[in-house]
Amino acid sequence: MSDPFELNDDLPFEPLAPKPAAAAPPVPAAPPVWLEKLNPEQRQAVETTEGPVLVLSGAGTGKTRVLTTRVAWILMNRRARPWQVLAVTFTNRAAREMRERVMHLVGPSAEAVWLGTFHAISVRILRRNAELVGLKSNFTILDSDDQIRLLKQLMEVDNIDSKKWPAQALMGVIQRWKDRGLTPDKVGGQGGSDFADGRAVALYRAYQERLRTLNAADFGDLLLHCLTLFQSRADILGEYQEQFHYVLVDEYQDTNVAQYLWLRLLTQKHRNLCCVGDDDQSIYSWRGAEVGNILRFEKDFPDAKVVRLERNYRSTPTILAAASHLIAHNEGRLGKTLRTGLENVEQGAPIKVRGVWDGAEEARWLVDEIETLQRAGHALDQIAILVRAGFQMLEFEERFITTGVPYRVVGGPRFYERLEIRDAVAYLRLIQQPEDDLAFERIINKPKRGLGDTTIQKLHILARAQGVSLMEASQRISETDELRPQARTALANFARDMERWRSLRETTLPAEIAAQVLEDSGYIDMWQKDKSPEGPGRLDNLKEFVSGLDEWENLGGFLDHVSLVMENDANAGEAGVTLMTLHSAKGLEFDTVFMPGWEEDIFPNRRALDESGEKALEEERRLAYVGITRARRRAFISFAANRRVYNQWQSSIPSRFVEELPKENIEQESDPGLYGHRGGGGDWPGFNDTAGARSGAGIRRRMGFTDGATYEAKERVSTNEFRIGDRVFHQKFGYGIVEGIDDSKLEISFDKAGRKKVLDSFVEPST
DNA sequence: CGTATATATCTTTTT
DNA sequence: GATATATACG
């Protein structure tokens, strides 16, 4: 794909000539104390309110402070009223934090600032203008599950082989189009249109139509519909352009094309756009983010002032040096040099790099280190474990539970994604929006009402024939003899109940409605009768769900919250070690950071590399950079020689990033015998072998064995006849699986007897 | 129509 | 090892 921006040449703008010099501030404000805490660059970024500003801000250079202070400064100087300021972030967390900090500076008037994620702000705009893009203002926001189900239905109609062309892949293609601001009409034969023999665009079109009849929008639509709205209605665009005197953008390097266009349209009039970003922290290109937007900025706003923040106030010089050294392996950076902004700072401890035998060992070591820190008086909430992917968390959670060290998971399994909660939400969605067929299908037979596939099929046929929703179709069909009497009454009852619940909205608060619906529908009852071990937990969750509704006065607001925020703030407050992915760690900082799993194929991630090659490698490296720069004082990195993937053991080699760290800033220690005993004698056991192991992997790759299976390849890690993963029999302990090999000593996990260390001569292979 | 058993695919990262 | 879909049977 060439330059995605070319596609949008029909958009009604060109770089505008710079505005005549801005008028002096109406009320010159006395510089408040908080301004004096800023360094000259930060201050410049805050005080340059007029015209476009690009702030290139490295990790830990105080970018959030700049943004919040800038908003406060604008308000204090009466350059704009609160609602004339628009501040956009990527995550809800960033939005929340920013709101808190601005309120702290200027008080409750900050409530009225338009501050939120791109998506949340877009929803706000769309609810007001829904009709203009073919929706009603109570439209539903679909999650990715709904999207996939919908796409599957459409593909079924077209008789597309769902094995060959997974709906998920199509969703990805459509999402990428939407990320680039492309409606079906604009796609024009590029990027993934080879899907299903070129039928992707047609499917995209059908999908969009279907969304309209469902009165629903997916995530990408929130932005895309805004763009359509702005481009088709100059008057509406004009109103918003007029309204937003000042626009600020956080994490600018993560904007995609659609978001960029959105910003460019909204800021055309006043041109007071301030973008804060760091190309070295661009880690969302897989979601359509365009680092190019940073370069693009100076082209579209030739008079832009560029401010560089390079003084780091967060980390020790050692950590900074390690991060800088690592990221220097990337090409095509804008090039910032991060230096410490702290005075009289100590060099800091070297980064500890440790190689261990396997994942369990890694977790044991890591939690031991945490306990040592804890005994030395370090607060647990100042410690974080950052992993590449969610599945890596499990091992540490288990270890935390057995040791009793308190921890919390950020962005783990989400509350609103639980089955029972989604069901409950579906009930509410259907109440709020009767055309929501996806919600209808989800709950029509939960609890069992004797309405199975055949009934649903008939409903579908009727709905399609008459062009109405499933809800409406059930009303109509229940007046006929189309269905068996049993199904007919069940359906009529359901429709009647639904009508009653819907009318409750006039008089009753959402929490009460939810409680009643879940009770009357028999949904609660269904779980009470459920004998599975999950039953009680689900009931608890439902209770929590209802009580979480307490603070909401209208159902629509709550449903938006569910789809846009999706997070579980319930146990957010508890103190403990934080466990999260590197992606969600961006923007945070901790005294101590642990980064386990630095192994080839995990980090850098294999799939990413297969998909996007060198480009992905650089993004993985940026991710490593983000991770290291989260640490204020201490960083730990580890890798394991063996890891269980799915159900098989495979050996792994250290991440290439380990070697890209500067030797003088790390302290390497590894368990002996990690990679066999061939090399031996080195100060860093295992390390000597990695080069050889790597080139082996390289050869295999060049020979075309790239499907990962070869890696596991049950490589011999010892001289005896057993391999990791082998099933064996032992006279005393019975059957078990080999989990570790150290010369003739085997570590075996026995089915009955647990984990034991035994000698190989006492066991025999078994199938 | 509902239940039980087998199976395939999964694990990148998120609004 | 878990979850969602497919299939067979009651």
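Within every chain, numbering begins at 1; the chains are lettered A, B, ... in the order of the sequence lines, protein sequences first and strands thereafter.
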_Among A/Lys586, A/Arg287, A/Arg622, which residue satisfies the salt bridge (Lys or Arg N to Asp or Glu O under 4.0 Å) criterion with A/Asp254?_
A/Lys586
*asked:* Is the phosphate of B/dT14 approached by A/Thr581 (side-chain N or O, under 4.0 Å from OP1 or OP2)?
replied: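 Answer is yes, contact under 4.0 Å.
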*Counting only side-chain N and O atoms of A/Lys448, is one of them less than 4.0 Å from OP1 or OP2 of B/dT3?*
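So the side-chain polar atoms of A/Lys448 do come within 4.0 Å of the phosphate oxygens OP1 or OP2 of B/dT3, strictly under.
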Quick one: [X] [atom1] to [N] [atom2], roughly how many Å, whole number?
| X | N | atom1 | atom2 | result |
| --- | --- | --- | --- | --- |
| A/Gln147 | B/dT15 | CD | P | 14 Å |
| A/Arg96 | B/dT15 | CZ | C1' | 14 Å |
| A/Arg622 | B/dT13 | CZ | C1' | 13 Å |
| A/Asp250 | B/dT15 | CG | C1' | 14 Å |
| A/Gln281 | B/dT14 | CD | C1' | 17 Å |
| A/Lys446 | C/dA4 | NZ | P | 9 Å |
| A/Leu617 | B/dT12 | CG | P | 17 Å |
| A/Gln168 | C/dT3 | CD | C1' | 14 Å |

So if I take every side-chain heavy atom of [X] and compare against [options], which nucleotide ends up nearest?
| X | options | answer |
| --- | --- | --- |
| A/Asn445 | B/dT13, B/dG2, B/dT15 | B/dG2 |
| A/Ser584 | B/dT13, B/dT11, B/dT14 | B/dT14 |
| A/Phe391 | B/dT11, B/dT15, B/dT13 | B/dT11 |
| A/Arg388 | B/dT12, B/dT14, B/dT15 | B/dT12 |
| A/Arg607 | B/dT15, B/dT11, B/dT14 | B/dT11 |
| A/Lys152 | C/dT5, B/dT11, B/dT13 | C/dT5 |

*asked:* Check this for me: does any side-chain nitrogen of one of A/Arg606 and A/Asp610 sit under 4.0 Å from a carboxylate oxygen of the other?
replied: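 Judged by the 4.0 Å cut-off on N to carboxylate O distance, A/Arg606 and A/Asp610 do form a salt bridge.
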*Is it true that atom CD of A/Gln168 has more than 12 heavy atoms of other residues, nucleotides or ligands lying nearer than 6.0 Å?*
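No, because the 6.0 Å sphere around CD of A/Gln168 holds 12 heavy atoms or fewer from other groups.
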*Taking for each residue the nucleotide of DNA chain B with the nearest heavy atom, is it A/Thr91 or A/Leu451 whose nucleotide lies nearer the 5' end?*
A/Leu451
*Which residue lies more 5' along DNA chain B, comparing A/Ile456 with A/Leu564 via nearest heavy atoms*: A/Ile456
*Only one of A/Leu227, A/Thr255, A/Asn256 clears side chain to side chain contact (heavy atoms under 4.5 Å, CB included) with A/Leu261; which?*
A/Leu227
*Indicate whether A/Tyr284 forms a stack on B/dT14; treat it as stacked only if centroid distance is below 5.5 angstrom and interplanar angle below 30 degrees.*
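No.
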Base, sugar-phosphate alone, or nothing: which one does [X] contact when heavy atoms must sit under 4.0 Å apart?
| X | value |
| --- | --- |
| A/Phe90 | sugar-phosphate |
| A/Phe118 | nothing |
| A/Thr455 | sugar-phosphate |

*Mark yes or no for whether A/Gln433, through its side chain, and A/Leu214, through its backbone, hold a donor-acceptor pair below 3.5 Å.*
yes
*On the 0 to 90° scale, with breaks at 30° and 60°, tag the A/Phe230-A/Trp262 ring pair as parallel, tilted or perpendicular.*
tilted
